[in-house]
Amino acid sequence: MIIEQVRGQMPLATGPIVKILKQGNGYKVLAIGLKKGAVLKEHKSSVPATLIVTEGSVLYKEHERSVELMRDTDFEIPINVLHSLLALEDSICLLIQG
């Protein structure tokens, strides 16, 4: 239901839609919806994190590299590295932290 809620809010969204899918002792799973052209602003992760693109495609950007992540791609996000995401098309991602 959470992913359907994210998908339903995307047409009117002006920025990222982020909802907690599941959390427990030492981990969190987030659903992130990004409309084409939307940006998840630069930030750092203080815990190990994996981004999984379930729909669409996004551009992961760090200081000196950009990686295009297509549907069904998983990507390890380095700890304490400033990064951002740009939606190349309407996209839904899962972020596993911890």
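- Annotation: side chain of V53 is not in contact with side chain of M70 (no heavy-atom distance under 4.5 Å).
- Contact check for I96 versus Y27: no side-chain heavy atoms found under the 4.5 Å cut-off.
- For residues 88-98, the set of pairs meeting the salt bridge (charged side-chain N to carboxylate O under 4.0 Å, His left out) definition, not counting sequence neighbours, is empty.
- The shortest side-chain heavy-atom distance between L86 and L88 falls under the 4.5 Å cut-off.
- Between R7 and E4, none of the side-chain N atoms (NZ, or NE/NH1/NH2) sits under 4.0 Å from a carboxylate O, so this pair counts as no salt bridge.
- Side chains of C93 and E55 form no contact here, defined as non-hydrogen atoms less than 4.5 Å apart.
- Within a 6.0 Å sphere centred on NE2 of H43, heavy atoms belonging to other residues, nucleotides or ligands number more than 12.
- Residue pairs meeting the salt bridge (charged side-chain N to carboxylate O under 4.0 Å, His left out) criterion with at least one partner in residues 9-35, sequence neighbours excluded, do not occur; the list is empty.
- Of all heavy-atom pairs between G33 and M10, the closest is CA-SD, 3.9 Å.
- No side-chain donor-acceptor contact under 3.5 Å links E42 and S84.
- A chain of hydrophobic side-chain contacts below 4.5 Å, direct or via other Ile, Leu, Val, Met, Phe, Trp or Tyr residues, connects I32 to L69.
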Tell me, with the steps shown, if Y60 and R65 meet side chain to side chain contact (heavy atoms under 4.5 Å, CB included).
CA-CA 8 Å; Y60 170 89; R65 75 170 173 157; 4.3 Å; yes

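- Proximity of a side-chain donor or acceptor of T54 to a complementary backbone N or O of I92 within less than 3.5 Å is detected.
- Side chain of H83 to main chain of I77: no donor-acceptor pair is present (N/O by atom type, distance under 3.5 Å, no hydrogens or angles).
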